[in-house]
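To start, the structure itself, in C-alpha cells.
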Amino acid sequence: MNVASKPALGQATLDDRRLAKVSARDVDVFYGAKQALKSVSIDIRPNEVTALIGPSGCGKSTFLRCLNRMNDLIESCRVVGSIWLDGEDIYTSGLDPVQLRARVGMVFQKPNPFPKTIYDNVAYGPRIHGLSRSRAELDEIVMTSLEKAGLIDEVKDRLQEQGTGLSGGQQQRLCIARAIAVSPEVILMDEPCSALDPIATAKVEELIDELRQRYTIVIVTHSMQQAARVSQRTGFFHLGELVECGETEQIFTNPRHKLTQGYITGRFG
Amino acid sequence: MIDERTARRLARRHAAERRFKLYGMASVAVALAFLVALLVTIVGKGYTAFAQTEIAVEVSFDAGAVKEGDFAGLVKSALAARFPEVTARNEKRELFGLISSGADRVLRDMVRDDPGLIGQRRVVTLLASDDVDMVVKGHVTAESGRLNARQAEWLASLRQAGAVSLGFNTTFFTAGDSREPELAGVGGAVVGSLLAMVVTLCLAFPLGVATAVYLEEFAPKNRWTELIEVNINNLAAVPSIVFGLLGLALFLNFLNMPRSAPLVGGLVLTLMSLPVIIIASRAALKAVPPSIREAARGLGASRLQVVTHHVLPLAMPGILTGTIIATAHAIGETAPLLMIGMVAFIVDIPAGFLDPATVLPVQVYLWADSPERAFVERTSAAIMILLAFLAVMNLLAIVLRKKFERRW
C-alpha cells in the first residue's frame with residue numbers, strides 16, 4: 001500500500017490552496033531519524049470544524065502541532081514541506097512563531113490552567129501581546145472570552161479565585177477562554193475531552209459547535225462519535241499518512257479506503 | 001475461603017511489613033538520641049558562658065590617675081584599699097590577678113560618660129578574671145584551679161561580703177576575640193560570618209539560578225551541555241579544602257586580594273555552593289510540569305516570558321530552599337577559609353568586606369584549641385550560636401517554601 005504517492009482519497013486539497021484557511025502540502029515530519037508524518041497534504045476550510053482521527057501514534061497530534069509550530073520546541077523535530085496560513089508560508093516566511101501562535105491558538109489534552117487566578121489566566125495572552133490599552137479594556141476582553149467559552153455564569157463571582165480550583169470540565173473551558181482571549185483565527189484542539197467526563201464533554205462539544213461561527217477549528221480526537229458529532233470534515237491518519245479525508249458524513253457512512261472502513265467499524269485501532 | 005498456603009504467605013508479608021516499620025522507628029530513635037546527646041552536651045557545657053563573674057569594689061576616681069589615663073591604677077588601688085593587709089609586691093600581683101586585665105576599660109568608659117565622677121567614690125562591679133570565673137561557676141574547685149591558697153582566701157572573703165555576683169555576659173556577644181577568655185566574644189566572628197554570607201548569597205544566588213535556567217530552558221542538549229552538566233555534578237562533590245586552595249591561588253596569589261577578608265571568604269564559599277545551588281535549581285525547574293510551559297508557548301509567549309512569568313515563580317520555592325541550605329552549609333564551612341587566612345587571631349570587629357575577619361566555625365576551632373579552662377564553655381557557647389544561626393536559616397527556608405508553594 002502506498003498512499004503517499006497519490007493524493008489522499010476524498011477532497012483533502014482544494015484546487016486553489018489560497019481559498020483554504022490553512023493549507024498543508026507534502027508535509028514530512030522527522031523526529032531524529034524516525035519519520036512521523038509522510039507527505040501529508042490537506043486544506044482546512046474556514047469556519048469549519050475539521051476532525052483528525054486515527055489510531056495512537058499515527059501522527060495526527062504531530063500534524064496538529066505543525067500548524068502553530070509547537071514542534072519547534074522539540075529539538076530533534078524537523079518539518080519539511082509547506083504550510084500556509086491565509087496564503088502565507090508559516091515555516092519559511094519571516095513570520096515569528098510567537099506571532100503565529102497568537103493567530104493559531106491551542107487547547108491541550110489535559111486542562112492546563114496556570115496556577116493563577118481565573119482572571120489572570122484569561123488575561124495572560126492579551127497582556128503579553130499588548131491587546132488592551134486600559135484596565136477596562138482588559139476586563140472587557142476577559143469577560144467576553146469567558147462568555148464565549150460558556151463559563152461566565154459559573155465563574156463571574158469568583159474571578160479572583162485560582163483557576164486550578166475549578167472542575168476538570170471548567171478548567172478545559174477556561175483554557176478555551178484563554179485561547180480565545182488573544183482573538184486567534186484558528187483554534188487547534190488536541191483531544192480536548194479525553195480527560196473529561198461525559199457531561200463536561202458534552203458542554204465542550206456544544207461550545208466547539210458555537211465557536212465554529214467565528215473561528216476555524218482543527219480537533220484531534222480518539223472518539224469517533226465525537227468526530228461525527230462536532231466536525232464537518234474528517235481526516236483519517238494511519239502510520240503517518242493521511243489515508244482519507246472528506247465530509248464527515250461521507251467518511252462515516254461511506255468510507256472509500258478499506259483502512260478507514262476498518263478503523264471506523266472498530267476492526268482495529 | 002483462603003487456603004493454608006495463602007494464609008501463611010499473607011502472615012509472612014504482614015510480618016515483613018511490621019519488621020520494616022520497626023527498623024524505621026529504631027533508626028529514627030537512634031538518630032534522635034544522637035541529636036539529643038549532642039545538644040545536651042553542648043548546651044550543658046556552654047550555657048554558663050552566657051553569665052560572667054563580676055566583683056564589686058569601691059573605686060575612688062582619683063583626679064591625678066584619671067588625668068594620666070591610669071585606670072588600671074584605679075583598679076589596683078581599689079583592691080589594695082579593700083585588702084589593706086596585702087603589702088608584699090608578689091602578693092599584690094596575685095591580688096590584682098583576681099580582676100580581669102580589661103576591667104580598667106569599664107572605669108574609662110564611666111569617666112568618659114560622666115566626667116563628674118572625678119574625685120568621687122563609687123561602688124563599681126568589675127569583670128573578674130577567668131580563673132576566678134571558673135571557680136565561681138564551679139567548673140573547678142578553689143584547690144584544683146589556677147588560684148593559689150591566698151587568692152582563694154581573698155575570693156572567699158569577697159564572696160562572704162556579697163561582692164561577687166554573676167551578671168549577663170554582654171561581652172561575649174559584642175567583643176571580638178581576645179587572649180583573655182573573659183574579654184573574648186563572638187561579635188567579630190558573627191559579623192565576619194554575616195559579611196561572608198552576604199557576599200556568597202549576592203553572588204551564588206543570581207549566578208546559580210541564571211546558570212540553571214539557561215541549562216534547563218535554553219541550552220541545546222548536546223555534548224557540550226552534557227559535559228558541563230557532568231562537571232557541575234562533579235564539582236558539588238569536590239572536598240571543600242580544594243576550593244580553599246583554589247581561592248588561595250586565584251584570589252590571593254593571582255588577584256592580590258587581601259588576606260583574611262570576608263570578601264575572599266565569601267568568594268570561596270560562592271565557588272563551593274554554586275554547584276549545589278545549580279543542581280537544586282535545575283531540579284526545581286524540572287519539577288515544573290511541561291504542560292504549563294506548553295500552555296504559555298501556545299499562547300504566544302516567548303521563551304523568556306515563559307521562564308519569567310511561569311516557570312521561575314513556580315520553581316522559586318525549590319530554588320530558595322536549595323539556596324538557603326547551600327548557604328547554611330557554607331556558613332558552617334571551616335576548611336576552605338583556613339586556606340585564605342581567616343584562621344588568624346583577630347581582635348577587632350570587621351567594619352567592611354576588606355577588613356581582616358574570622359567566621360563562627362573558625363572561631364570555634366580557634367577556641368577549641370586554646371588551653372584556658374574558660375574557653376571550653378565559650379567554645380560550646382559559640383557552637384550554640386552557630387547552631388542557632390543555622391536553625392534560623394533553615395526555618396527561613398521552610399517559611400519561604402510554604403509562602404511561595406502553589407498547587408497545580
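Chain naming here is simple, since letters A, B, ... match the order of the sequence lines and numbering starts at 1 in each.
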Without placing hydrogens or testing angles, list every side-chain donor-acceptor pair under 3.5 Å for residues 308-318 of chain B, not counting sequence neighbours.
{"from": "T308(B)", "atom 1": "OG1", "to": "L304(B)", "atom 2": "O", "distance (Å)": "2.9"}
{"from": "H309(B)", "atom 1": "ND1", "to": "Y124(A)", "atom 2": "OH", "distance (Å)": "2.6"}
{"from": "H310(B)", "atom 1": "NE2", "to": "Y124(A)", "atom 2": "OH", "distance (Å)": "3.2"}

message: With chain A as the partner, which of A296(B), A295(B), P220(B), S302(B) has the greatest number of non-hydrogen pairs under 4.5 Å?
response: A295(B)
field: R65(A): salt bridge (charged side-chain N to carboxylate O under 4.0 Å, His left out) partners, not counting sequence neighbours
entry: E294(B)
- prompt: So which of R178(A), Q171(A), Q172(A) actually passes side chain to side chain donor-acceptor pair (under 3.5 Å) with N112(A)?
  reply: R178(A)
message: Quick one, D72(A) with R297(B), criterion salt bridge (Lys or Arg N to Asp or Glu O under 4.0 Å). Give me CA distance, side-chain angles, the key distance, then yes/no.
response: CA-CA 11 Å; D72(A) 290 14; R297(B) 293 303 294 270; over 6 Å; no
statement: Ranked by heavy-atom pairs below 4.5 Å to chain B, first place among M106(A), K110(A), H129(A) goes to H129(A)
field: Proximal to chain A - members of residues 384-400 of chain B, heavy-atom separation under 4.5 Å
entry: none
- prompt: Do F114(A) and L299(B) have side-chain heavy atoms sitting under 4.5 Å apart?
  reply: yes
query: Can you check whether I325(B) reaches T321(B) side chain to side chain, under 4.5 Å on heavy atoms?
result: yes
Side-chain atoms of residues 232-239 of chain B: list all donor-acceptor pairs with protein atoms under 3.5 Å, sequence neighbours left out, distances to 0.1 Å.
none

